Amino acid sequence: MIKITFPDGKVREYPKGTTSMEVAKSISEGLARNVLAAKVNGVVWDSSRGIHDDVTLELLTWDATEGKSTFWHSSAHLMAEALEALYPGIQFGIGPPIENGFYYDVDLGEGTLSSDDFKKIEDKMLELAKAGNQYIRKEVSKKDAISYFGEKGDKYKLDLLKDLEDGTITFYTQGNFTDLCRGPHIPDTGSIKAVKLMNIAGAYWRGDEKSKQLTRIYGITFPKQKELTDYLTLLEEAKKRDHRKLGKELELFTFSEKVGMGLPLWLPKGAQLRERLESFLKKAQLKAGYLPVVTPHIGHKDLYVTSGHYEKYGADSFQPIRTPAEGEEFFLKPMNCPHHCEIYKSKPHSYKELPIRYAEFGTVYRYEQSGELHGLTRVRGFTQDDAHLFCRPDQVKEEFMKVIDLVLYVFRALDFPEFTAQISLRDPENKSKYIGSDENWEKAERAIIEAAAEKGLKTVVETGEAAFYGPKLDFMVKDALGRKWQLGTIQVDYNLPERFELEYTGADNQKHRPVMIHRAPFGSLERFIAVLIEHCAGNFPLWLSPEQVIILAISDKFNDYAKNVSELLKNSDIRAFVDERDEKIGRKIRDAEVRKVPYMLVVGEKEVESNSVSVRRHGQGDLGSMSLDQFQKHLNDEVMLALNQK
RNA sequence: GCCGAUGUAGCUCAGUUGGCCAGAGCUACUGAUUUGUAAUCAGUGGGUCGGGGGUUCGAAUCCCUCCAUCGGCUCCA
């Protein structure tokens, strides 16, 4: 007998070799029907595998993340089976589950595939699913595996096999399809009830641009039809929040082919939003001891030769601008730090001055590949809320903590969504890739980890993801459609102080090299605003809203009173406007609601007589009548509540 | 840059077995209406159907090419 411990701590005894499915059945038939896989001692297994030792066991159903991913992984196999049936001779790359669904990379040879073919494939998948074929696991020797795929002519699988060790190789078969696969899988195809292929894309084999490009087919499946319908509805809703759509509707920004792709044009309302964000952060930075600096949009080639960016990125940058007479080369600045280094060098520094924090909203230009551009999140010209901190090695941790505080303050004031702090460390196997001493790296990495832990951040550590010049901490958030973007970033840099030969005089009267920290709480204003728009669905917090209050007169007889109210509000720095159109009040309200103006003030005879306003809040409706003073206090309270939380 | 899809008025979209002067709603403009919490009525304007080339008696519709956009891949100082 073996002892099985369940997540609730209960322990039960079973005969040796019992499968998780049998365990599930012993608990209830209903549970057994829903079991997709099992977590045995923390590792996900097929529910049909026998258990031979004392273990902890968690039965995975659709509600568990790993249950879903097992389900989708098995669905990828099902799609492969359908594809092989429909397109004989097709070759397969890899087919993993992803956050929402799965994909499979295939090589169609001479053939092509488009979304017009989806219906056919979906139908085939459903047909095969109905058969309820079991997923059968089989351990195979490397030799047998190679001969199987060799015979089949599946060169990608053979390529994968090269890196696998004999004795660890398993096949999974369902119906007529056998795949090289580590597993695990769900019991059988019968639980796959709803299938939707989402899109098709090119993907390089093994992610290498030089390898052959395969066709990647994305799909998603569910155990119930209704869940698919709900998912599609959710996607539709998410599309409504897309910043590209809202940016156009709310007149925040636009693009022009004539100006150039990836170069956003900020419309008046968007520009005001930016200005509010800028002044908000500038104020916070001033309080935190930052010193403003301003640098030009171009820089001499020598600057980037010194910084090393010319060597690394020169060929992939916008090409240099030349002076007509001397032929000197200038680059559009791709980053602000080299300029800031030169500012640091403009005079000698004492250890007593450090840290020095130079801040600038610097607009930079980078050549991004044309297929990469994406709304405001990926552009060719953008403004970083950049700052460079020059400090002593022993100050790194404290500075990190302070920057984290600043980032958290920003996120909190904006009621910002869930984010993950990603700590990127160097690859310990490959230390020669990185610049800077071992000692400094260790100190900095430890400082980042400790600082993040002390601030209670939800962190993910990525080993080997550090830049060559230093470790970093990035704040990652998701957009409406679930795509991940990096916003805020804090990076330690040992490279630039070295290259620019930055120094300070220590207490020992010797020259020392400062550590540089790059940091940007927003990351870039463009990307930050994009994510902000999607997060709040265009309903900006009152303090950011480009139009805070709109005054709607019942008829144009009351426009004078409306204008009077608007003037009074403007005198208190409230962004107030009057809708003077000759329209009915219902129409004016509708238009203001659509424009997502936070407050609407309805004024007519009643209000003129009692010297008041009727307040309507966007999305909430009528709040009743107030005096103008009361209303202003109401606005002020709302703004203070958002900005003053600490 | 690569794979696939898309491109019709300022916006959202109809319109292809190739066929008279290419349509609707909203917006804009003009007029009427003087209105109480999500769309008042009428009229007018607006498109070399993404650009270029080709096939054809005839192209928004078929073909080629370029550009841009969308979904991915690769990249992202």
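Note that the structure is a prediction, hence the values are computed from the model and not measured.
Rounded to an integer number of Å, the gap from A/E251 CD to B/C26 C1' is 14 Å. Residue A/L373 contributes atom CG, which lies 14 Å from atom C1' of B/C67 at whole-angstrom precision. Between the CD1 atom of A/I217 and the P atom of B/G4 there is a distance of 13 Å, given to the nearest Å. If you take CG of A/N100 and P of B/G72, they are 12 Å apart, rounded to a whole angstrom. When the P atom of B/A77 is taken as reference, atom CD1 of A/I490 falls 16 Å away, rounded to whole Å. Distance A/I517 CD1 to B/A77 C1': 18 Å, rounded to the nearest Å. One interatomic measurement links the two molecules: CZ of A/F500 to C1' of B/A77, which rounds to 12 Å at whole-angstrom precision. The distance from atom CZ of A/R244 to atom P of B/G7 is 17 Å, rounded to the nearest whole Å.
If you take atom C1' in B/C62 and the same atom in B/G19, they sit 15 Å apart, rounded to whole Å. For the C1' atom pair drawn from B/G4 and B/A77, the interatomic distance equals 31 Å after rounding to whole Å. With P as the reference atom, B/G51 and B/G7 are 13 Å apart, rounded to whole Å. B/G54 and B/C70: their P atoms are spaced 32 Å apart (whole Å). Across B/C57 and B/C49, the matching P atoms stand 22 Å from one another, rounded to whole Å. Taking the P atoms as reference points, B/A28 lies 23 Å from B/U35, given to the whole Å. Taking atom C1' on both B/U48 and B/G53, the two are 15 Å apart, rounded to the nearest angstrom. Nucleotides B/G10 and B/U27, compared at atom P, are 16 Å apart to the nearest Å.
Among B/G4, B/C75, B/C73, the nucleotide with an atom closest to any side-chain atom of A/E368 is B/C75. Comparing B/G4, B/C73, B/C11 by their nearest atom to the side chain of A/K248 picks out B/C11. Out of B/G72, B/C67, B/A77, the shortest distance to the side chain of A/Y313 is found at B/A77.
Counting any heavy atom pair closer than 4.0 Å across all strands shown, A/Y103 reaches no nucleic acid atom. Nucleic acid contact class of A/G371 (heavy atoms, under 4.0 Å, all strands): base. At a threshold of 4.0 angstrom between heavy atoms, the contacts of A/A201 include nucleobase atoms, whether or not backbone atoms are also involved. Nucleic acid contact class of A/E257 (heavy atoms, under 4.0 Å, all strands): sugar-phosphate only. Within the 4.0 angstrom heavy-atom criterion, only backbone atoms of the sugar-phosphate kind lie near A/H374; the bases stay farther away. Counting any heavy atom pair closer than 4.0 Å across all strands shown, A/Y218 reaches sugar-phosphate atoms only and no base atom.
In this entry B/C57 has B/G19 as its Watson-Crick or G-U wobble partner, both defining distances falling under 3.5 Å. For B/A77, there is no paired base (Watson-Crick or G-U wobble, both distances below 3.5 Å). With both pairing distances under 3.5 Å, B/A24 is matched to B/U12 as a Watson-Crick or G-U wobble pair. The base-pairing partner of B/A42, taking Watson-Crick or G-U wobble contacts with both distances under 3.5 Å, is B/U30. The partner of B/A68 is B/U6, by the rule that a Watson-Crick or G-U pair needs both atom distances under 3.5 Å. Remark: B/G36 base-pairs with no nucleotide in the shown strands. Criterion, Watson-Crick or G-U wobble with two distances under 3.5 Å.
Note that the CG atom of A/L525 and the OG1 atom of A/T383 stand 6.0 Å from one another [nearest 0.5 Å].
Two residues, A/P334 and A/T215, neighbour RNA chain B, and the one matched to the more 5' nucleotide by heavy-atom proximity is A/T215. For the pair A/Q491 and A/L113, nearest-nucleotide mapping onto RNA chain B gives the more 5' position to A/L113.
Considering only side-chain N and O atoms, A/R380 lies nowhere under 4.0 angstrom from the phosphate OP1 or OP2 of B/C76.
A centroid separation of 6.0 Å or more is found between the aromatic rings of A/Y469 and A/Y494. Separation of the A/W485 and A/H374 ring centroids falls under the 6.0 Å cut-off. Checked against a 6.0 Å centroid threshold, the rings of A/Y104 and A/F92 count as neighbours.
Counting non-hydrogen atoms of neighbouring residues, nucleotides and ligands closer than 6.0 angstrom, the CD atom of A/E249 exceeds 12 such neighbours. Atom CZ of A/F330 sits in a crowded spot, with more than 12 heavy atoms from other residues, nucleotides or ligands closer than 6.0 Å.
When atom types are taken as modelled, the side chain of A/K196 and the backbone of A/G219 share no donor-acceptor pair closer than 3.5 angstrom.
A side-chain donor from one of A/S614 and A/E607 sits under 3.5 Å from a side-chain acceptor of the other.
Of all the heavy atoms in A/R241 and A/L246, the pair that sits closest is O-CD1, 3.5 Å.
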Between protein and nucleotides 35-42 of chain B, map the contacts as a letter string: B base, S sugar-phosphate only, - none, heavy atoms under 4.0 Å, written 5' to 3'. BBBBBB--
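Side-chain N/O atoms of A/Y204 and base N/O atoms of B/G1 include a donor-acceptor pair closer than 3.5 Å. Side-chain N/O atoms of A/R378 and base N/O atoms of B/C76 include a donor-acceptor pair closer than 3.5 Å.
Note that A/R357 lies outside the cation-pi zone of A/F390, set by a 6.0 Å cut-off to the ring centre and a 45° limit from the axis.
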